[in-house]
Asker: 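Quick one: this structure, given as structure tokens, is what I'll be asking you about.
Within every chain, numbering begins at 1; the chains are lettered A, B, ... in the order of the sequence lines, protein sequences first and strands thereafter.
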Protein chains: 2
Amino acid sequence: MRNAVRARNGAPDEARMNTLVAPTPEAGSKPAQILEAAGALFLENGYGAVSMDAVAKRANVSKATLYAHFGSKDELFRAMMARECATLLTASTWEEARSLPIADGLRLVGERFVTFVTSPKALAGHRVILGEAHRFPELSRAFFEAGPAHTIRLFTGIMQEAQRRDELSITDPALAAEQFLALIKANMHMKLLLCVTERPTQEEIRHYVNAAVELFVKGYAPAG
Amino acid sequence: MRNAVRARNGAPDEARMNTLVAPTPEAGSKPAQILEAAGALFLENGYGAVSMDAVAKRANVSKATLYAHFGSKDELFRAMMARECATLLTASTWEEARSLPIADGLRLVGERFVTFVTSPKALAGHRVILGEAHRFPELSRAFFEAGPAHTIRLFTGIMQEAQRRDELSITDPALAAEQFLALIKANMHMKLLLCVTERPTQEEIRHYVNAAVELFVKGYAPAG
DNA sequence: GTCTATATAGCGATAGAC
DNA sequence: GTCTATCGCTATATAGAC
């Protein structure tokens, strides 16, 4: 897609920074096996605690084969994160929310969003990225662009739409989007990242999201 | 469950779970030097990327001396985290907020809280803990209790007070506290954890907090 | 391309002198 | 208590046969 070559004129940020796009190897091939093993192990245990031996063993591949496809542990980690982000962040159909009243739309996409970010895989990826943010700053940036920043842009659109329809009185749609996302994640996300609580049920998620929507819609209700 | 010995009567959670309390060695002593070096290195680079040699070298101490005071790398890491949490989380005077109108009180403690969690040390600690949450689950729990959970309890008190005074209409004070904390951190905290932005200025913090307080107070305004 | 076997280095942890 | 020197192990990465 847009790799390495594309940084010429004033290309928009969306196009320039997402360096997490990587070709997906054909299913069943050795590279695919390796990436799958790396994904399972790195996400479970973090970068430092996983050896190349362990990856090779889990992938049913020799270490030499592993190094033939991925030149180093760093490279393997990057490729694995790119693949995980690609599979996790398939843009859902946010459009359907646009046709609903704002509160219902927020409830719909909010619940979907929280369900996603509280999934074990998303949490594991989040944890690993955060733990290695210092060592892999570009990866961290790319993750942010592909993940949180992307989501904020989507919700910013929803906020602008709601304001255009006079359903909400918003002066800074991007800030409002961030606030809403923060509200629905609230403390639950942190607790999950720290492994101090179990995965919430769909009912619990709905309860959190409903409370957040209520607060948000009332807080941004148009005057009069 | 967790400490094996202490789970008898209905002791409050606060007393049972905070295993991060550790004696502070006298300043200038070797243990103090070691802990300081460990703090700098672990917080900067994470657990796996720091060797005991590196800690010893930075502390101007031999590795044998290091092992004489801290039996293993795990133990050193725990002691270091305990010390960092102790120095960072000195309970400020939240009481002063109680005498103010709710919006002013929230602005005051909110700004202080955000200033704290966006400090480089707090961020580094947060990052390391998150990255190693799998490997050190008890440590993670203890951190959560000493940090986020403690803060939520404090803010829950503020919410209850506000409701008693009919300044806010809150049905679930703990949830409201979580919501407020999430709102004022919003996306800024995530961006900082991912190293995709610089430390915010006090003006930026104030701006975020003001926006959050406005939304929160309006959203929980008593009817009528 | 893929394997077995190995090189080389750095790790956590320890022994023994002082 | 503190040091120097070193053990034993495992890590990343590579050489060479097939």
Asker: Output yes when A/Arg78 and A/Glu138 qualify as a salt bridge under the 4.0 Å nitrogen-oxygen rule, no when they do not.
Answerer: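 Salt bridge between A/Arg78 and A/Glu138, a charged N being under 4.0 Å from a carboxylate O: yes.
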Asker: Inspect the contact between B/Arg153 and B/Glu145 and indicate whether a charged nitrogen and a carboxylate oxygen are less than 4.0 angstrom apart.
Answerer: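 Looking at B/Glu145 and B/Arg153, the cut-off is met.
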Asker: With a non-hydrogen cut-off below 4.0 angstrom, is B/Val50 in contact with a base, only sugar-phosphate, or nothing?
Answerer: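 Sugar-phosphate, backbone atoms only, no base.
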Asker: Got A/Lys191 and B/Pro148 here, is their nearest side-chain heavy-atom distance under 4.5 Å?
Answerer: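 A side-chain contact is absent here, since even the closest heavy-atom pair is not under 4.5 Å.
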Asker: On DNA chain D, does the nearest nucleotide to A/Lys63 precede the nearest nucleotide to B/Asn60 from the 5' side, or the other way round? Give the residue.
Answerer: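 Per heavy-atom nearest nucleotide, the more 5' residue is B/Asn60.
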Asker: Decide yes or no for B/Thr201 and B/Glu204: does some side-chain heavy atom of the first lie under 4.5 Å from some side-chain heavy atom of the second?
Answerer: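 Yes. Closest side-chain heavy atoms under 4.5 Å.
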Asker: For B/Tyr47 and B/Asp74, does a side-chain donor sit closer than 3.5 Å to a side-chain acceptor?
Answerer: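 On atom types as modelled, these side chains qualify, holding a pair under 3.5 Å.
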Asker: Would one find more than 12 heavy atoms of other residues, nucleotides or ligands at under 6.0 Å from atom CD of A/Gln202?
Answerer: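 More than 12 within 6.0 Å, yes.
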Asker: Please identify the 5'-most and 3'-most nucleotides of DNA chain C with any atom under 4.0 angstrom from a heavy atom of chain A.
Answerer: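 Listing 5' to 3', DNA chain C meets chain A from C/dT2 to C/dT4.
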Asker: How many whole angstroms separate atom CG of A/Asn45 from atom P of D/dA11?
Answerer: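 For the pair A/Asn45 CG and D/dA11 P, the rounded distance is 12 Å.
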Asker: Please state how far atom CG in A/Asp74 lies from atom P in D/dA11, giving the value in whole angstrom units.
Answerer: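 In whole Å, D/dA11 P lies 17 Å from A/Asp74 CG.
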Asker: How would you label the contact of B/Ser62 with the nucleic acid (heavy atoms, under 4.0 Å): base, sugar-phosphate, or nothing?
Answerer: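 Here B/Ser62 touches the bases of the nucleic acid.
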Asker: Between D/dT4 atom C1' and B/Lys57 atom NZ, what is the distance in whole Å?
Answerer: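 Nearest whole value for this atom pair: 16 Å.
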